[in-house]
Amino acid sequence: MSLSIYNSYSRKKEVFASITPGHVGMYVCGPTVSGESHLGHARPYISFDVVYRFLQAKNYKVRYVRNITDAGHFEEEGREAEDKVSTKAQLEKLEPMELVQKYTNLFHWAMKEFNCIEPSIEPTATGHIVEQIVMIEDIIAKGYAYVVNGSVYFDVKKYAAHHDYGKLSGRVIDELLEANNRTQVSRDLEGQDEKRDAADFALWKAAPPEHIMRWKSPWGEGFPGWHIECSAMATKYLGTSFDIHGGGMDLQFPHHESEIAQSTICNHTSPVKYWMHNNMITINGRKMGKSYNNVIKLTELFSGTHPLLSQPFHPMTVRFFILQSHYRSPLDFSNDALIASEKAFKRLWEAYENLKKLVPGSNENASDKELDEKVTQWLHQFEEFMDDDISTPKVIANMFELAPVINSIKDGLIKIDAIKVSTLQLMKERFTTFLENIFGLKSIDGATNEVLQPVMELLLEIRKEAKSKKDFATSDKIRNQLTAMGIVIKDEKDGNTSWNIA
RNA sequence: GGUCCUGUGGCCGAGUGGCUAGGCAGAGCUCUGCAAAAGCUUCCACAGCGGUUCGAAUCCGCUCGGGACCUCCA
């Protein structure tokens, strides 16, 4: 009954024990709001939403911090970063905060669509410039950073002499330092020649005149480096050492490695007890990412307006699709895979709806002991599987084992008293807890329309009358026309007819 | 080039050395006025070659293939 999670830092599954009993501090790297979120972004936020929900289900009080990266080098997609001294009127100029607002709103919208619970705190980088500057000053004071031309760099070589820089990402420090000597350094990153060593990373960057986001600092006008915000905000809200830090695998290096270095110098302690990293979503076997130019934006996914998509996909379908694989495995996207997930999810959800309507029998003794035991075992495994490094696909597999049992009871193929009353109750409770509360899934169809409901009842009543008079022309007309409108009706075994919006 | 991960049936995906993953698709059957749905049954696997073992998809080695990171990146 105890949770084990795979710790990227030790590369082992470890039994989870929170630093403060009963409480968990969790930090997850949030989005950079300089562009629209795509399918790849959905994975960490859904995966860690499930972790968050599961920890809460295990009665932990969780403080979940997920940042918004809204500082840095900004330009609008398809539009060059504009010169601040351009002659354009104020309102025509690119206003960074306007962009940030737009994409933050879009991100929040997507998270809501995915039914992700909002984090406890969602700090922004721009709102914590002061904290970052203070932290950088501290690192300088401790001798692990140096200032060059208004920029500040972290001294990796000095740090690595006494700490294991590279451990998290499995990097060999000597090679990183040697990268210095590589001739094919084609990175024309500004300031590269200012560094003492190529492995050093920026804590603060001096802003060139055309840079539109800039703040005053002890070193001149500039903006924070790429890694300091997470260290500063995590420390502020979760303390110098906290339980879980999550994010995509692609952030392990250099981002998380650098976070460890910064925080370790400032706080004299390693910041994170358990590092959790989700794997990538691939498309045709390749990571979905801006640089590969193969992204499917969430807006395109939900609306079906991408060349690779044959139809729109409901956010719950996408969420289910992601939960069907383990968070540490790569997940290959395709239109067909999503269609399969959609069908699977609909079938599972319908079984769940059927389950909720089952009326318990009166027998406390199971007439089919073997079945009762199997059902009980499948149900108990829900938690066991989740305890084993959040194995959502295994839980889902068990749910699919149970679906035929539920449907058979509903259709009378299995008698209700084949299983104990208590087993049925457990089944209802477990399904609601895991499907709704922990997996965060909800119904996909919008058949709860209050106006439509009585209209449908009327239509189905007319059809029923026609059928009873063997007037199949009328009954089929109703069914076919409704199907054409996207409403599917099914004649149930008990003589009733159910319907839903496809 | 360096570090690491990975290769499961038509597709997607679990797999802790021995016992059914699961889903989608396919085939057959049951139910049904006909459908749909549901239920039952069924076909199709472990990249290749060696090795360890009583026994390997699972451990080791090699070969081939794929990917991630080394640069902003979930």
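The chains referred to below are lettered A, B, ... by the order of the sequence lines, with proteins before strands, and numbering in each begins at 1.
Between the CG atom of A/Leu331 and the P atom of B/G67 there is a distance of 16 Å, rounded to whole Å. Counting to the nearest Å, the P atom of B/A68 and the CG atom of A/Leu168 are 19 Å from each other. In this structure, A/Leu301 places its CG atom 17 Å from P of B/A74, rounding to the nearest Å. Summarising the geometry, the separation between NZ on A/Lys167 and P on B/C70 is reported as 21 Å, rounded to the nearest angstrom. Remark: C1' of B/A68 and CG of A/Leu251 are 12 Å apart, rounded to the nearest angstrom. Distance, A/Ile339 CD1 to B/A25 P: 10 Å, rounded to whole Å. Rounded to an integer number of Å, the gap from A/Met288 CE to B/C73 C1' is 13 Å. When the C1' atom of B/C12 is taken as reference, atom CE of A/Met280 falls 19 Å away, rounded to whole Å.
Residues A/Tyr27 and A/Phe48 place their aromatic rings such that the two centres sit no closer than 6.0 Å. Between A/Tyr45 and A/Phe107, the ring center distance clears the sub-6.0 Å criterion.
Counting any heavy atom pair closer than 4.0 Å across all strands shown, A/Lys343 reaches sugar-phosphate atoms only and no base atom. As judged by a 4.0 angstrom heavy-atom cut-off over every strand, A/Met399 is placed among residues making no nucleic acid contact. Note on A/Glu342: nothing from the nucleic acid sits closer than 4.0 angstrom, heavy atoms only. Within 4.0 Å (heavy atoms only), A/Ile281 reaches at least one base atom of the nucleic acid. As judged by a 4.0 angstrom heavy-atom cut-off over every strand, A/Glu350 is placed among residues touching the sugar-phosphate backbone only. Residue A/Tyr45 is classed as a sugar-phosphate contact, given heavy-atom separations below 4.0 Å to backbone atoms only. Among the heavy atoms of the strands, none lies under 4.0 Å from A/Asn354. A/Gly40 comes within contact range of at least one nucleobase, with a heavy-atom separation under 4.0 Å. A/Phe253 comes within contact range of the sugar-phosphate backbone alone, with a heavy-atom separation under 4.0 Å but no base atom that close. Within the 4.0 angstrom heavy-atom criterion, no nucleotide atom of any strand lies near A/His277. Among the protein residues, A/Ser341 comes within range of no part of the nucleic acid, since none of its heavy atoms lies under 4.0 Å from any strand. Looking at heavy-atom distances under 4.0 Å, A/Asn407 makes contact with sugar-phosphate atoms alone, never a base. Across all strands, A/Met249 comes closer than 4.0 Å to no nucleic acid atom at all (heavy-atom distances).
Comparing B/A68, B/A37, B/G2 by their closest approach to the side chain of A/Arg171 singles out B/G2. The side chain of A/Asp250 sits closest to B/A74 out of B/A74, B/G33, B/G67. Considering only side-chain atoms of A/His326, the nucleotide from B/G33, B/A14, B/G67 that sits closest is B/A14. Side-chain proximity of A/Ser475 to B/A38, B/C12, B/G33: nearest is B/G33. Nearest nucleotide to the A/Ala340 side chain, out of B/A68, B/G23, B/G39: B/G23. Of the listed nucleotides (B/G33, B/A74, B/G67), B/G33 has the atom at the smallest distance from the side chain of A/Asp476. Listed nucleotides: B/C72, B/A68, B/C12. Nearest to the side chain of A/Lys287: B/A68.
Cation-pi contact between A/Arg286 and A/Tyr292: present, with separation from the ring centre below 6.0 Å and deviation from the ring axis of at most 45°. A cation-pi contact, defined as under 6.0 Å to the ring centre and within 45° of the axis, links A/Arg328 to A/Tyr6.
Heavy-atom distances to RNA chain B give each of A/Ala344 and A/Ser169 a nearest nucleotide, and the one nearer the 5′ end belongs to A/Ser169. Comparing A/Ser408 and A/Gln324, the nucleotide of RNA chain B nearest to each residue sits closer to the 5' end for A/Gln324.
Scanning atom types as modelled, no donor and acceptor separated by under 3.5 angstrom connect the side chain of A/Lys290 and the base of B/C72. At a cut-off of 3.5 angstrom, the base of B/G22 holds no donor-acceptor pair with the side chain of A/Asn398. Counting distance only, with no hydrogens placed and no angle test, the side-chain atoms of A/Asp491 and the base atoms of B/A35 include a donor-acceptor pair under 3.5 Å. With hydrogens and angles ignored, a donor-acceptor pair under 3.5 angstrom links the side chain of A/Arg479 to the base of B/C34.
Across all strands shown, B/G1 forms a Watson-Crick or G-U wobble pair with B/C70, both key distances being under 3.5 Å. When Watson-Crick and G-U wobble pairs are counted only if both distances are under 3.5 Å, B/G7 pairs with B/C64. Across all strands shown, B/U16 forms no Watson-Crick or G-U wobble pair with both distances under 3.5 Å. Judged by Watson-Crick or G-U wobble contacts below 3.5 Å, the nucleotide B/U30 has B/A38 as its partner.
The separation of B/C44 from B/G22, taken at their P atoms, amounts to 15 Å, rounded to a whole angstrom. Taking the C1' atom of each, B/G9 and B/C5 are spaced 24 Å apart, rounded to whole Å. Atom name P, nucleotides B/U52 and B/A57: the rounded distance is 16 Å, in whole Å. Taking atom P on both nucleotides, B/A74 is separated from B/G17 by 36 Å, rounded to a whole Å.
Relative ring orientation between A/Phe154 and A/Phe201 is described as parallel, the plane-to-plane angle staying below 30° on a 0-90° scale split at 30° and 60°.
For B/C72, the OP1/OP2 oxygens have no side-chain nitrogen or oxygen of A/Thr32 closer than 4.0 Å. Within the 4.0 Å cut-off from OP1 or OP2 of B/A68, at least one side-chain nitrogen or oxygen of A/Tyr292 is found. Contact check, A/Arg347 against B/A37: no side-chain N or O comes under 4.0 Å of OP1 or OP2.
Both geometric conditions, a ring-centre gap below 5.5 Å and a plane tilt below 30°, are fulfilled for A/Phe472 over the base of B/G33.
A salt bridge links A/Asp476 to A/Arg479: at least one charged side-chain nitrogen sits closer than 4.0 Å to a carboxylate oxygen.
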| A/Val50 vs A/Leu323, side chain to side chain contact (heavy atoms under 4.5 Å, CB included): CA-CA, chis, key distance, verdict | CA-CA 9 Å; A/Val50 170; A/Leu323 262 26; 3.9 Å; yes

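With a 4.5 Å cut-off on side-chain heavy atoms, A/His108 and A/Thr104 count as touching. No side-chain heavy atom of A/Val272 sits less than 4.5 Å from a side-chain heavy atom of A/Tyr9.
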